[in-house]
Amino acid sequence: QVQLVESGGDLVQAGGSLRLSCAASGRTFSNYVAAWFRQAPGKEREFVAAISWNGRNLHYADSVKGRFTISRDNAKNTMYLQMNSLKPEDTAVYYCAASRRSTVVSASSNYNYWGQGTQVTVSA
């Protein structure tokens, strides 16, 4: 198993940028598909982006495509989410997650390990 801790959430104005990090303490992070999800107050958790173990297969939600970039550095046991052109609608708690599946998936039920989340607030 793997332990995940998110960081980098902050209050930012619309149009600004943030870089979220997800640090994994497990020794086998490179074997996992990893993803970012987010949850706004009163809403269900939704998929944001996912990345394969080798970083070559990327998938984004339509709402963030072209603005967010997911990446990972397996040598550092860290995954990142670069968030540009932020909108108030991006306000949510952002969670990183990991799955032992061999292919990128968007359903949260496929992810076995979760971090505690980091708050991102985008003001108008």
Side-chain angles (χ1 to χ4, degrees):
Q1 57 185 332
V2 63
Q3 309 297 319
L4 306 174
V5 179
E6 305 94 335
S7 63
D10 204 353
L11 172 64
V12 64
Q13 290 185 327
S17 298
L18 285 174
R19 182 181 175 87
L20 305 183
S21 298
C22 175
S25 61
R27 293 170 291 177
T28 59
F29 182 66
S30 62
N31 295 329
Y32 290 78
V33 169
W36 289 95
F37 290 80
R38 66 187 182 185
Q39 187 168 23
K43 296 185 178 180
E44 295 183 348
R45 188 169 299 183
E46 67 174 349
F47 171 79
V48 176
I51 186 169
S52 62
W53 69 271
N54 59 12
R56 297 173 183 172
N57 188 7
L58 311 176
H59 181 59
Y60 297 92
D62 289 340
S63 59
V64 306
K65 190 175 298 183
R67 299 188 298 120
F68 292 8
T69 303
I70 188 172
S71 62
R72 68 192 298 169
D73 187 338
N74 290 334
K76 296 181 178 180
N77 284 336
T78 303
M79 179 178 64
Y80 306 95
L81 185 67
Q82 179 65 46
M83 309 165 68
N84 298 326
S85 302
L86 283 163
K87 304 175 180 179
E89 304 91 89
D90 297 318
T91 295
V93 176
Y94 283 70
Y95 300 88
C96 64
S99 172
R100 281 194 170 276
R101 296 184 65 90
S102 59
T103 58
V104 170
V105 291
S106 61
S108 61
S109 60
N110 292 297
Y111 290 85
N112 311 100
Y113 308 103
W114 296 82
Q116 290 95 345
T118 185
Q119 177 70 49
V120 172
T121 302
V122 184
S123 62

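Positions are given from 1 along the sequence.
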Quiz: residues 116-124 side-chain donor-acceptor pairs under 3.5 angstrom, not counting sequence neighbours:
| unit_1 | atom_1 | unit_2 | atom_2 | d |
| --- | --- | --- | --- | --- |
| T118 | OG1 | G9 | N | 3.0 |
| Q119 | NE2 | A92 | O | 3.4 |
| Q119 | NE2 | T121 | OG1 | 3.3 |

Under the side chain to side chain donor-acceptor pair (under 3.5 Å) rule, collect the residues that match up with S21, sequence neighbours excluded.
none
Kindly write out the residues that satisfy side chain to side chain donor-acceptor pair (under 3.5 Å) with N84, not counting sequence neighbours, or none if the list is empty.
S17, Q82
Which pairs pass disulfide (SG to SG under 2.5 Å) with one or both residues in residues 29-124, sequence neighbours excluded?
C22-C96
Taking all non-hydrogen atoms of both residues, which atom of [X] and which atom of [Y] are closest, and how far apart?
{"X": "A49", "Y": "L81", "answer": "CB-CD1, 4.4 Å"}
{"X": "Y111", "Y": "V105", "answer": "OH-O, 2.5 Å"}
{"X": "V2", "Y": "S25", "answer": "CG2-N, 4.4 Å"}
{"X": "V33", "Y": "R101", "answer": "CG2-O, 2.9 Å"}

Quick one: salt bridge (charged side-chain N to carboxylate O under 4.0 Å, His left out) pairs with a partner in residues 4-25, sequence neighbours left out?
none
Check: [Y] and [X] side chains under 4.5 Å, non-hydrogen atoms:
{"X": "L4", "Y": "M79", "value": "no"}
{"X": "I51", "Y": "Y32", "value": "no"}
{"X": "R38", "Y": "E46", "value": "yes"}
{"X": "L58", "Y": "I70", "value": "yes"}
{"X": "M83", "Y": "V12", "value": "no"}

Under 3.5 Å, is there a donor-acceptor pair linking the side chains of Y80 and R72?
no
Relative to each other, are the rings of F37 and W114 parallel, tilted or perpendicular (30° and 60° limits)?
tilted
Less than 4.0 Å between a side-chain N and a carboxylate O, is that true for D62 and K65?
yes
Got a sec, which residues hit side-chain contact (heavy atoms from CB on, under 4.5 Å) with N54, two or more places apart in sequence or on another chain?
S52, R56
CZ of F47 to OH of Y60, rounded to nearest 0.5 Å, is 9.5 Å
Roughly how far, to the nearest 0.5 Å, is the CH2 atom of W36 from the CG atom of L20?
4.5 Å
Group every Ile, Leu, Val, Met, Phe, Trp and Tyr by side-chain heavy-atom contacts under 4.5 Å, then state whether L86 and V64 land in the same group.
yes
